[in-house]
Amino acid sequence: MSIKADNLVWKIGGKTVINGVSFEAEPGKMLGLLGPNGSGKTSLLRLLTRLKRPHAGRVMLDDRDLSKFRRRAIAQRVAFIEQHATTNANLKVEDVVKLGRFPHRSMFSGWSREDDAAVSEALERTGMSAKRHDAWQSLSGGEKQRTHLARALAQSPKELILDEPTNHLDVQHQIGLLRLVSSLPITSIIALHDLNHAAMFCDRLIVMQAGKVVAAGVPEEVLTRDLLREVFSVEAHVETSPHHARPHIHFLR
Ligand SMILES: Nc1ncnc2c1ncn2[C@@H]1O[C@H](COP(=O)(O)OP(=O)(O)OP(=O)(O)O)[C@@H](O)[C@H]1O
C-alpha cells in the first residue's frame with residue numbers, strides 16, 4: 001500500500017462533495033481517477049495532498065495517518081500538479097524546476113550535485129532541456145504544463161498526483177506524458193477526462209459520480225457500455241484493441 005483513502009468525507013457550503021470515498025493506490029502503479037465534471041476528482045486529490053482536510057475519514061501514507069505528517073515531510077515524497085497550476089512571473093524554466101528540490105534542502109545545505117542531476121534529468125525526461133534558459137512567461141500552455149511535470153519529477157517523489165495533466169498538450173505530448181508517468185517506478189494517481197487514454201495507460205481505474213466511487217478495478221472491468229451510459233451519459237461500443245489489448249471505446253454518433 002502506498003496511499004490509502006479511508007471513508008473520506010468533505011463538505012462545503014452545505015454540500016457533501018466527497019461522500020465516503022475509500023480506495024488504495026498500489027505502490028508503483030498508475031491509478032486513473034475518472035468521473036464527469038463536478039464529480040469530485042479535484043476535491044479528492046486535494047484531500048490526498050493535504051491541501052484540504054477531510055471532515056471525516058483519513059488518508060494513510062504507508063500505514064501512517066497523513067494528518068500526522070509535517071508539511072515538509074509530505075512535500076518530500078508527494079508531488080502534486082494542480083489543474084490550473086501557475087508559477088511566478090520572472091523565472092527561467094530551470095528555476096521553476098529547481099523549486100522541486102526545495103523540500104529536500106535544509107537551511108544550511110548548498111545546492112548539491114544531486115540537486116543538479118535531478119533537475120537536468122527532469123528537464124530531459126519532459127523534453128524541456130532545450131528551453132531550460134527560456135523565460136517561463138515565454139512558454140506555450142503545453143510547455144508550461146511539461147515544466148510543471150519536470151518540477152514534480154525533480155522533487156523525486158514516491159507518489160505523484162496529477163489533475164488533468166494532459167490539458168493544453170498536443171496529442172504527441174499527451175501520449176508522451178502518459179507513457180512517461182506509466183513508466184516511472186512510482187505510485188501515480190491521475191485525474192483524466194480522456195477515457196481511451198486512461199484505458200491505455202492506467203493499471204487500475206476508479207470512477208466517481210456525485211462524490212462517490214461507483215466503480216473500481218482494471219480498465220477491462222470498469223469501462224463497460226453500461227457504466228459509460230449511466231455515469232457519463234454517452235452511448236458507446238467497447239472492444240479490446242487489437243493494437244494494445246486494452247479496452248477501446250468507440251463513441252456512437
Ligand atoms: N471551494 C469550493 N466552493 C464551493 N464549491 C466547491 C468548492 N470546491 C468544490 N466545489 C464543488 O464540488 C463539486 C466537485 O468539484 P470538483 O472540482 O472536485 O469536481 P471535478 O470532478 O474535479 O470536476 P471537473 O471535471 O469539472 O474538473 C462541484 O460541484 C464544485 O462546485
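Whatever order the structure lists ligands and atoms in, that order sets their numbers, starting from 1.
At least one N or O atom of Thr42, backbone or side chain, sits closer than 3.5 Å to an N or O atom of ligand 1. Some N or O of Ser39 is nearer than 3.5 Å to an N or O of ligand 1, by distance alone.
The shortest heavy-atom distance from Gly35 to ligand 1 is not under 4.0 Å. Contact analysis puts Gly40 in contact with ligand 1, with a non-hydrogen atom separation below 4.0 angstrom. Within the structure, ligand 1 has Glu164 among the residues with a heavy atom less than 4.0 angstrom away.
In summary, the atoms of ligand 1 found under 4.0 Å from a heavy atom of His193, numbered by their order in the structure, are 25 (O). Interface atoms of ligand 1 facing Lys41, defined by a heavy-atom separation under 4.0 Å, are 18 (O), 19 (O), 20 (P), 21 (O), 22 (O), 23 (O), 24 (P), 25 (O). Which parts of ligand 1 touch Ser43 is read off a 4.0 Å heavy-atom cut-off, strictly below it: atoms 9 (C), 15 (O), 16 (P), 18 (O).
For atom 23 (O) of ligand 1, the nearest protein heavy atom (residue, atom name, distance) is Gly38 N, 2.8 Å.
Phe201 has its side chain out of reach of Ile190: every pair of non-hydrogen atoms, C-beta onward, lies at least 4.5 Å apart. Residues Leu177 and Pro165 meet the side-chain proximity criterion, which asks for heavy atoms closer than 4.5 Å.
Other residues, nucleotides and ligands contribute only 12 or fewer heavy atoms inside 6.0 Å of the NZ atom of Lys29.
Of the candidates Gln83, Lys15, Lys11, it is Lys15 that places a heavy atom closest to atom 29 (O) of ligand 1. Taking only non-hydrogen atoms, the option from Leu192, Val17, Leu47, Thr16 nearest to atom 11 (C) of ligand 1 is Val17. Counting only non-hydrogen atoms, the option in Asn37, Leu34, Ile12 that gets closest to atom 26 (O) of ligand 1 is Asn37.
The distance from atom CE of Met208 to atom NZ of Lys41, rounded to the nearest 0.5 Å, is 8.0 Å. Atom-to-atom distance recorded for Gln174:CD and Leu169:CG is 6.0 Å, nearest 0.5 angstrom.
With sequence neighbours left out, the side-chain contact (heavy atoms from CB on, under 4.5 Å) criterion links His104 to Gln76, Arg101, Ser156. Annotation: salt bridge (Lys or Arg N to Asp or Glu O under 4.0 Å) contacts of Arg125 (sequence neighbours excluded): Glu121.
Of the N and O atoms on the side chains of Thr224 and Asp226, not one donor lies less than 3.5 Å from an acceptor on the other residue.
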Run the side chain to side chain contact (heavy atoms under 4.5 Å, CB included) check on Val234 and Ile249 step by step: do they pass?
CA-CA 11 Å; Val234 289; Ile249 303 163; over 6 Å; no
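For atom 31 (O) of ligand 1, the nearest protein heavy atom lies 4.0 Å or farther away.
Residue-level proximity to ligand 1 for Pro36 is carried by the backbone, the only part with a heavy atom below 4.0 angstrom.
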